[in-house]
Amino acid sequence: MSEHHHDHDHYTKGIMFADDRSIDPAAIEMLHKAKADNVETAHDRYAAQLPQCGFGDLGICCRICLQGPCRVNPFGEPKKGVCGADADLIVARNLLRTIVGGAASHADHSYMAIHCLKEAAEGKADYEIKGSDKIKTVAAKLGIDYEGRPDNDVAAEIADVALQDFGNATDEPMRWITATAPKERVDKWAELGVLPTNPDREIRAAMHQTSMGVDGSPVNTLLASLKLGIVDGYAGLQLGTDIQDILFGIPQPVKSEANLGVLAPSKVNIVVHGHMPEVSEKIVEWAHKLEDEARAAGADGIQLAGICCSGNEVLMRQGVPMAGNYLSQELAIITGAVELMVVDVQCFMPSITKVASCYHTKIVTTTPIGQLPDAEHIPFTPDTADAKAADIVRKAIANYANRDPQKVQIPTYRSEAWGGFSVESIVGALSALDAEQPLKPLVDNIIAGNVFGAVGVVGCNNVKVRQDYQTVEMIKHLLANNVLVVATGCTATAVAKYGFMTPEGAEMYAGDGLKAVLKAVGEAAGLGGPLPPVLHMGSCVDNSRIGDLLGALAGYLGVSIKDLPVAASAPELQHEKAVSIGTWAVALGVLTHCGVVPPVLGSPLVTKVLTDDLDQLVGGKFFVELDPIKAADTMIEHIAAKRKALGI
Ligand code: BF8
Ligand code: SF4
């Protein structure tokens with residue numbers, strides 16, 4: 001791990017110190033530069049928001065109808081909104097709308113990918129279909145015949161089935177769910193009445209259910225939350241990942257790097273930010289094709305780097321390094337060395353154009369729904385992707401001449417980071433130990449206690465907590481206790497920055513039992529060293545890979561996912577998507593940790609259902625813990641209890 005800086009410059013308004021905002025030395029260096037350059041960041045805007053609204057924090061403000069805003073007083077009167085809604089109903093409705101927001105984001109993301117696949121399969125798009133292997137596995141699970149058929153035909157049929165899910169006018173469940181989720185889970189969800197049919201219809205119904213004067217039952221509203229979490233899991237994550245793997249290929253282990261030090265002082269730096277590989281993959285392709293033009297413009301070539309899940313997607317499949325996670329997006333621009341940042345959908349702050357205006361950085365938006373007033377809008381479509389990507393890369397090259405060397409300061413911090421751990425590649429590595437039953441060595445080591453259990457650590461940065469701190473401290477404690485960690489999203493980038501995703505990370509952080517297993521697998525699989533102790537499984541949409549792995553392990557052991565010695569955690573969650581993903585994890589039967597308090601505490605009923613009653617319903621529940629060591633200990637105790645119940 002790189003050394004931290006120890007200067008405690010006064011940061012802003014006497015409240016914040018740059019050094020308190022992050023444990024990432026590169027981020028701290030850039031927060032100091034932001035101050036010197038007089039550039040405002042999310043941390044300044046957060047300080048300006050303090051104190052944040054207590055009603056909002058507790059979830060007891062309602063502005064669903066124009067008789068509001070109504071708020072409930074937790075300490076006295078009033079206890080009801082104008083229509084009579086009480087704190088329980090207001091909190092439950094707000095929570096469901098949050099989860100609808102997350103599910104809608106992911107389902108829309110998938111929908112765009114399906115369209116791209118459909119047009120690619122019909123030869124109408126600038127994309128060739130690279131995931132031949134995935135076509136077969138997805139076709140097999142959907143019951144589509146693929147033997148002897150051209151890939152494009154099968155891919156077109158897969159896209160049609162996906163579109164039928166979005167057009168399903170019957171009461172039959174989503175085909176993607178019944179084809180993917182373990183039957184025991186599907187039956188459980190059907191029994192509870194939370195098995196989704198058509199994702200668009202479920203999103204519509206949930207908006208309707210939460211509108212003024214419809215559902216007055218907080219418990220019924222909470223059940224709908226569970227349903228919308230399942231919508232996110234399958235119409236968003238699973239569909240998105242399956243389709244993206246078909247389009248762009250199944251990730252395989254790949255060596256890369258992470259942190260702002262990946263930006264190159266004398267190259268054209270292009271940052272891909274957002275979520276859609278349809279955009280970022282094309283930018284990567286054209287950056288390679290146009291290297292010579294960059295050299296002709298006086299640069300040493302083109303350096304690509306990622307922020308947020310666009311970065312994770314191209315790290316997983318192309319080894320493109322990560323510049324940083326969510327809270328580093330403004331900081332990348334503040335290096336003064338980014339020629340162009342291209343965004344598509346989700347998690348880009350509206351502030352980036354303002355930050356960019358202090359430097360030479362050009363911001364480009366690419367989707368109809370994701371525009372910024374001062375950015376250049378170059379809308380991507382599947383049939384114009386090549387021309388648009390070439391145009392964007394050329395704009396970056398042309399902008400290199402405008403870089404002001406006086407304003408450039410690139411932090412030197414960067415860590416090696418391995419990515420590409422799809423379920424297919426994990427199973428591939430394990431089959432070096434047992435080709436017949438690849439899961440056997442892993443399960444045997446779990447039974448023997450060398451691997452005590454596993455935790456999926458996922459999600460964001462949140463300006464309310466010190467960047468990366470809870471994530472890193474919690475993961476260190478889990479690894480030391482022989483708990484294998486898999487990570488996605490901004491959490492993956494968080495740990496990538498500190499060397500957890502390297503073979504040496506196994507030596508540094510893993511307990512003895514886990515270390516031995518990581519060594520055995522890494523050596524057998526020819527990786528030239530141990531497997532990293534934290535496996536990078538991709539973007540947030542790629543959380544479906546964790547679901548697939550859990551399903552495979554449960555299937556192998558002949559138990560339900562809820563009985564596995566596993567847990568999930570979002571230590572620094574911020575986005576609605578993180579809440580809906582967490583709800584899906586709970587629906588799968590997984591104990592799920594939140595390191596930031598969701599706005600539900602205004603309702604004792606909702607709090608109790610989420611942190612207690614759900615366990616009886618689905619075998620999973622939420623818990624909130626702000627202390628990373630206590631959070632890890634709670635998950636370790638949970639894993640111990642599950643081990644005991646399994647008799648291991
Ligand atoms: O979908 S982890 S801040 S980038 S929401 Fe956003 Fe959160 Fe990052 Fe990816 Ni996921
Ligand atoms: Fe107030 Fe009820 Fe309208 Fe909400 S729905 S704003 S509680 S009157």
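The basis for the numbers below is simple: all heavy atoms, side chains too, and nothing from hydrogens, waters or symmetry mates. Indexing begins at 1, ligand by ligand and atom by atom, following the structure's order. All residue numbers in this chain count up from 1 along the given sequence.
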2.8 Å cut-off (strict), protein N, O or S atoms about atom 1 (Fe) of ligand 2: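 Near atom 1 (Fe) of ligand 2, the number of protein N, O or S atoms below 2.8 Å is 1.
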Does the side chain of Thr365 pick up a donor-acceptor pair with the side chain of His377 at under 3.5 Å?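 Note: Thr365 and His377 side chains meet the donor-acceptor criterion.
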Is Arg71 close enough and on-axis enough to Phe55, meaning under 6.0 Å and within 45°, for cation-pi?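 Yes - Arg71 lies over the ring of Phe55, closer than 6.0 Å to its centre and within 45° of its axis.
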Could you check, using the six-membered ring where one of them is a Trp, whether Phe421 and His536 have ring centers closer than 6.0 angstrom?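 For Phe421 and His536, the ring centres are not under 6.0 Å apart.
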Can a donor-acceptor pair be found, under 3.5 Å and without considering hydrogens, that links the side chain of [X] to the backbone of [Y]?
X	Y	value
Asn94	Gly59	yes
Arg97	Met207	yes
Asp24	Ala26	yes

What are the two closest non-hydrogen atoms of Val82 and Cys70, and how far apart are they?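 Answer, listing the atom of Val82 first, then Cys70: N-SG, 3.4 Å.
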Residue part near ligand 2, for Arg93, under 4.0 Å between non-hydrogen atoms: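 Under 4.0 Å from ligand 2, Arg93 contributes side-chain atoms alone.
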Residues forming a side chain to side chain contact (heavy atoms under 4.5 Å, CB included) with Cys594, sequence neighbours excluded: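 With sequence neighbours excluded, Cys594 shows a side chain to side chain contact (heavy atoms under 4.5 Å, CB included) to Leu573, Pro598, Phe622, Val624, given in chain and number order.
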With Glu572, which residues qualify under salt bridge (Lys or Arg N to Asp or Glu O under 4.0 Å), at least two apart?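 Applying salt bridge (Lys or Arg N to Asp or Glu O under 4.0 Å) to Glu572 gives none.
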For atom 6 (Fe) of ligand 1, check which protein N, O or S atoms are under 2.8 Å away and list them.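 Protein N/O/S atoms under 2.8 Å of atom 6 (Fe) of ligand 1: Cys347 SG.
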Aromatic ring pairing Phe500/Tyr509, orientation class (parallel under 30°, perpendicular over 60°, tilted between):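 Correct class here is parallel.
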